[in-house]
**Student:** 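Have a look at this one.
Residues: numbered from 1 along the sequence shown. Heavy-atom basis, side chains included; hydrogens, waters and symmetry copies ignored.
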Amino acid sequence: MKTILILLLVPLIAPAMAADAPAGLWRFVDDDSVIEFKRCDGDALCAVLRKLPNAKTLATLSATQQREAPSWCGKPLLGDLKPDGVGVWRGGWVYDPESAKRYSATLKQTQDKLKLLAFVGTEWLAESMVLEPWQGAAPSCP
């Protein structure tokens with residue numbers, strides 16, 4: 001009986017979990033760059049870069065990377081993140097424009113913050129980045 005009840009509730013729970021996905025503009029706390037989250041391919045979550053990192057961060061890049069930085073705007077940075085429980089999206093990728101490499105990605109939401117994990121192989125060895133909602137007018141890339 002419990003199994004039947006659970007099977008009947010799963011279709012109701014899955015859309016509710018997916019509906020809580022972050023949307024809109026979010027700022028990386030460490031470099032002030034801004035991304036915009038949107039739905040893609042059904043319940044999957046994707047994001048594009050809407051504001052470049054701050055001048056201090058850009059100054060740490062090579063001369064070639066500094067010249068290329070404006071072309072990063074509007075490019076997909078996250079893709080194919082699928083709901084995996086309440087406040088968690090897994091199985092996607094994150095693109096690092098500085099290294100021009102793609103990494104596996106997991107996104108976790110806790111209250112008003114997002115934690116993005118970028119990794120090769122296992123989440124245990126992930127680099128983590130924190131995002132918070134963007135405050136103010138929508139940024140525009142150069």
**Student:** If two hydrophobic side chains count as joined below 4.5 Å and joins carry through other members, does W93 share a cluster with L116?
**Tutor:**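 Same hydrophobic cluster.
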**Student:** Which pair of heavy atoms, one from L58 and one from A69, lies closest together, and at what distance?
**Tutor:**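 Smallest heavy-atom distance, with atoms named: CD2-CB, 4.0 Å.
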**Student:** Verify side-chain contact (heavy atoms from CB on, under 4.5 Å) between F119 and L125, making sure each step is shown before the conclusion.
**Tutor:** CA-CA 6 Å; F119 57 95; L125 302 174; 5.7 Å; no
**Student:** Quick one: list whatever passes salt bridge (Lys or Arg N to Asp or Glu O under 4.0 Å) with K101, sequence neighbours left out.
**Tutor:**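 Applying salt bridge (Lys or Arg N to Asp or Glu O under 4.0 Å) to K101 gives none.
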**Student:** Under the salt bridge (Lys or Arg N to Asp or Glu O under 4.0 Å) test, which residues partner D32, sequence neighbours left out?
**Tutor:**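 Per chain and number, D32 pairs via salt bridge (Lys or Arg N to Asp or Glu O under 4.0 Å) with R27, K51.
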**Student:** Answer with yes or no whether the hydrophobic clustering places Y95 together with Y103; edges join I, L, V, M, F, W, Y residues whose side-chain heavy atoms lie under 4.5 Å apart.
**Tutor:**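 As far as the 4.5 Å side-chain criterion goes, Y103 and Y95 are connected within one cluster.
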**Student:** Output, in order, the C-alpha distance, side-chain angles, deciding distance and verdict of side-chain contact (heavy atoms from CB on, under 4.5 Å) for V29 and E132.
**Tutor:** CA-CA 7 Å; V29 173; E132 61 188 13; 4.0 Å; yes
**Student:** How far does CD1 of I35 sit from CG of L131, to the nearest 0.5 angstrom?
**Tutor:**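 CG of L131 is found 5.0 Å from CD1 of I35.
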**Student:** For Q109 versus P22, what's the shortest heavy-atom pair and its separation?
**Tutor:**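 Nearest heavy atoms, Q109 then P22: OE1-CD, 3.9 Å.
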**Student:** Show your working on side-chain contact (heavy atoms from CB on, under 4.5 Å) between R90 and K108 and close with a plain yes or no.
**Tutor:** CA-CA 9 Å; R90 285 194 166 85; K108 297 179 179 183; 3.9 Å; yes
**Student:** Honestly curious: do V48 and L107 fall in one hydrophobic cluster under the side-chain, below-4.5 Å linking rule?
**Tutor:**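 Each belongs to a different hydrophobic cluster.
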**Student:** Is the NZ atom of K38 crowded by more than 12 outside heavy atoms at less than 6.0 Å?
**Tutor:**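 Counting other residues, nucleotides and ligands, NZ of K38 stays at 12 neighbours or fewer.
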**Student:** Output the distance between atom CG (L117) and atom OG (S104), rounded to the nearest 0.5 Å.
**Tutor:**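 Answer for the CG-OG pair, L117 versus S104, is 11.0 Å.
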**Student:** For the side chain of Q66 and the backbone of L61, is there at least one donor-acceptor N/O pair under 3.5 Å apart?
**Tutor:**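 It does hold such a pair.
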**Student:** Working to the nearest 0.5 angstrom, can you tell me the gap between D41 CG and D43 CG?
**Tutor:**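 D41 atom CG to D43 atom CG measures 10.5 Å (nearest 0.5 Å).
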**Student:** Where do Q65 and S99 come nearest, in terms of heavy atoms and distance?
**Tutor:**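 Minimum heavy-atom separation between Q65 and S99: NE2-N, 4.4 Å.
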**Student:** Above 12 or not: heavy atoms from other molecules or residues under 6.0 Å from NZ of K113?
**Tutor:**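 Yes - once you tally the heavy atoms of other residues, nucleotides and ligands closer than 6.0 Å, there are more than 12.
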**Student:** Could you grab the distance from atom CG of L114 to atom OG of S128, nearest 0.5 Å is fine?
**Tutor:**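 Rounded to the nearest 0.5 Å, the CG-OG separation comes out at 12.5 Å.
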**Student:** Does any N or O in the side chain of N54 come within less than 3.5 Å of the main-chain N or O of D31, such that one atom is a donor and the other an acceptor?
**Tutor:**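 Side chain of N54 to backbone of D31: a pair is present.
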**Student:** Tell me, with the steps shown, if W72 and L77 meet side-chain contact (heavy atoms from CB on, under 4.5 Å).
**Tutor:** CA-CA 9 Å; W72 300 344; L77 289 187; over 6 Å; no
**Student:** Hydrophobic clusters here meaning ILVMFWY residues chained together by side-chain heavy-atom distances under 4.5 Å, can you tell me if V120 and V94 are in one?
**Tutor:**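 Shared cluster, yes.
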**Student:** Taking transitive links into account, so neighbours of neighbours count too, which hydrophobic residues share a cluster with L25 at under 4.5 Å side-chain distance?
**Tutor:**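 Its cluster mates, by chain and number, are V34, W134.
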**Student:** Quick one: closest heavy-atom pair of A105 and L78, and the distance?
**Tutor:**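 Heavy atoms only, the tightest pair is CB-CD2, 4.4 Å.
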**Student:** Considering non-hydrogen atoms only, spot the tightest contact between C46 and G79 and give its length.
**Tutor:**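 Heavy atoms only, the tightest pair is SG-CA, 3.8 Å.
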**Student:** Taking all heavy atoms of T60 and all of T57, pick out the closest pair and write down the distance.
**Tutor:**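 Smallest interatomic distance, heavy atoms only, reads OG1-O, 2.6 Å.
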